[in-house]
Amino acid sequence: MTVLGEFLSNKSIKKADVSRKTGISSSRLTELSRNESTKLRVDELYLISLAIDVSPIEILNKVCNHLKLKTTK
């Protein structure tokens with residue numbers, strides 16, 4: 001399960017409801033929730049955040065918290 005999938009699961013969000021509100025297909029939401037190599041687009045993140053009444057920043061911080069800047073010498 002992806003970080004987004006865990007986030008939605010922890011919030012007890014039904015993908016069917018998100019799909020209906022956002023226009024993002026259920027199959028795309030399933031792919032985003034299960035496949036680590038699937039890239040979440042910013043428009044999808046924004047629509048999902050509106051649908052579940054969560055700040056886009058909260059989702060972004062969860063989904064991207066593993067990213068770090070490269071250190072330079």
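Computed over heavy atoms, backbone and side chain alike; hydrogens, waters and symmetry mates excluded. Residue indices begin at 1 and follow the sequence shown.
- Within the 3.5 Å criterion, the main-chain N or O of Val18 finds a donor-acceptor partner in the side chain of Thr22.
- For the pair Leu60/Leu45, a side-chain contact is recorded, criterion being any heavy-atom separation below 4.5 Å from C-beta on.
- The structure places CZ of Arg20 at 10.5 Å from OG of Ser26, a figure rounded to the nearest 0.5 Å.
- A donor-acceptor contact shorter than 3.5 Å links the side chain of Ser19 to the backbone of Ile24.
- Taken from CD1 in Ile48 to CZ in Arg41, the straight-line distance is 10.0 Å, to the nearest 0.5 Å.
- Interatomic distance, Lys62 NZ to Asn10 CG, rounded to the nearest 0.5 Å: 7.5 Å.
- With sequence neighbours excluded, the residues that form a side-chain contact (heavy atoms from CB on, under 4.5 Å) with Glu31 are Arg28, Asn35, Thr38.
- The 12-atom threshold is exceeded at CG of Leu67, counting heavy atoms of other residues, nucleotides or ligands nearer than 6.0 Å.
- By the side-chain contact (heavy atoms from CB on, under 4.5 Å) test, Lys21 pairs with Ala51, sequence neighbours left out.
- Every residue was checked against the salt bridge (Lys or Arg N to Asp or Glu O under 4.0 Å) condition with Asp53, not counting sequence neighbours, and none meets it.
- In this structure, CG in Leu8 is found 7.5 Å from CG in Leu29, a value given to the nearest 0.5 Å.
- Applying the side-chain contact (heavy atoms from CB on, under 4.5 Å) rule to Ile57 yields the partners Ser55, Asn61; only residues at least two apart in sequence or on another chain are considered.
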(message) Pair Thr2, Leu32 - check side chain to side chain contact (heavy atoms under 4.5 Å, CB included), show working.
(response) CA-CA 7 Å; Thr2 65; Leu32 288 167; 5.7 Å; no

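- The line from CE of Met1 to OG of Ser9 is 5.0 Å long, rounded to the nearest 0.5 Å.
- The shortest distance between side-chain heavy atoms of Phe7 and Val63 does not fall below 4.5 Å.
- Residues passing the salt bridge (Lys or Arg N to Asp or Glu O under 4.0 Å) test with Arg34, sequence neighbours excluded: none.
- Listed by chain and number, the residues in a side-chain hydrogen bond (donor to acceptor under 3.5 Å, both in side chains) with Glu58 are Lys11 (sequence neighbours excluded).
- Contact check for Asn65 versus Val3: no side-chain heavy atoms found under the 4.5 Å cut-off.
- Between Ile52 atom CD1 and Leu47 atom CG the span is 11.5 Å, to the nearest 0.5 Å.
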